[in-house]
Asks: 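Dropping the structure in here first, questions after.
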Amino acid sequence: AQSVSQHNHHVILSEAASLELGCNYSYGGTVNLFWYVQYPGQHLQLLLKYFSGDPLVKGIKGFEAEFIKSKFSFNLRKPSVQWSDTAEYFCAVRLDNYGQNFVFGPGTRLSVLP
Amino acid sequence: DTGVSQNPRHKITKRGQNVTFRCDPISEHNRLYWYRQTLGQGPEFLTYFQNEAQLEKSRLLSDRFSAERPKGSFSTLEIQRTEQGDSAMYLCASSLASGSTDTQYFGPGTRLTVL
């Protein structure tokens with residue numbers, strides 16, 4: 001079955017540290033890729049998305065992600081995190097030819113220490 | 001606020017009771033999705049509508065679950081004879097169909113607790 005994995009369950013960083021959250025999917029066809037963020041007590045919000053074209057996509061709040069097709073990966077990065085980035089981050093994949101539903105990863109909780 | 005809204009935000013019920021949740025999508029969006037999220041997991045797809053037609057249903061959606069979108073606007077998700085395993089956050093999302101590149105926007109969710 002198609003699946004999405006996120007490498008880390010919980011990441012703890014100090015402010016100004018660099019961030020990279022891993023996301024891998026198991027599907028050989030065309031995919032659309034997304035990162036969503038859920039701040040404490042808030043709903044899921046879209047950070048960035050990839051459909052086609054430049055595999056390096058930029059999102060809101062200084063986040064970016066790189067699609068590496070050969071590695072089935074879509075890792076999220078930020079050069080310098082802030083305390084306000086503390087949240088849960090979800091990678092999601094829409095599988096072409098599998099309808100409209102998304103397959104979400106289990107999430108990575110990011111804690112940024114001030 | 002013109003985002004996706006869901007009501008109620010919290011629901012506590014006793015096992016065996018029926019519950020119904022409502023989702024109001026972003027007004028111009030023609031696709032509407034239901035997901036379930038349990039603690040420590042990402043959302044799991046349940047079903048989706050394009051306008052009033054229910055086009056996909058996950059095998060997670062047992063016979064006790066039914067969803068409707070009668071006029072292609074708001075949607076309801078009903079769970080009959082609730083079980084403790086139904087306790088979860090139920091999320092609604094909507095999107096504007098644009099080939100294969102639509103983006104889903106999520107509501108705040110309805111947290112269900114079955115005692």
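The sequence lines fix the lettering, A, B, ..., with proteins before strands; numbering per chain opens at 1.
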Asks: Inspect the surroundings of CG in B:L115 and state if more than 12 heavy atoms from other residues, nucleotides or ligands are less than 6.0 Å away.
Replies: yes

Asks: Side chain, backbone, both or neither: which part of B:E44 has a heavy atom under 4.5 Å from chain A?
Replies: neither

Asks: List the atom of A:F90, the atom of B:Q41, and the distance in Å for their closest heavy-atom pair.
Replies: CE2-O, 3.8 Å

Asks: More than 12 heavy atoms of other residues, nucleotides or ligands under 6.0 Å from NE2 of A:H9: yes or no?
Replies: no

Asks: Could you look at A:L44 and say if it's the side chain, the backbone, both or neither that has a heavy atom under 4.5 Å from chain B?
Replies: both

Asks: Shortest non-hydrogen contact from B:F45 to A:F102?
Replies: CB-O, 4.1 Å

Asks: Flag yes if more than 12 heavy atoms outside B:E68 fall under 6.0 Å of its CD atom; otherwise flag no.
Replies: no

Asks: Distance from A:Q38 atom CD to B:L91 atom CG, nearest 0.5 Å?
Replies: 7.5 Å

Asks: For B:R15, is the CZ atom crowded, meaning more than 12 foreign heavy atoms sit under 6.0 Å from it?
Replies: no

Asks: When you look at A:Q45 and B:Y105, which way does the side chain to side chain contact (heavy atoms under 4.5 Å, CB included) test go after all the steps?
Replies: CA-CA 7 Å; A:Q45 300 173 36; B:Y105 296 89; over 6 Å; no

Asks: If you count the non-hydrogen atoms of other residues, nucleotides and ligands that lie under 6.0 Å from CG in A:D54, is the total more than 12?
Replies: yes

Asks: In Å, rounded to the nearest 0.5 Å, how long is the span from OG of B:S95 to CZ of A:R94?
Replies: 9.5 Å

Asks: Is it the backbone or the side chain of B:L55 that comes under 4.5 Å from a heavy atom of chain A, or both, or neither?
Replies: neither

Asks: Please determine whether residues A:Y39 and A:L110 belong to a single hydrophobic cluster, defined as Ile, Leu, Val, Met, Phe, Trp and Tyr linked transitively by side-chain heavy-atom distances below 4.5 Å.
Replies: yes

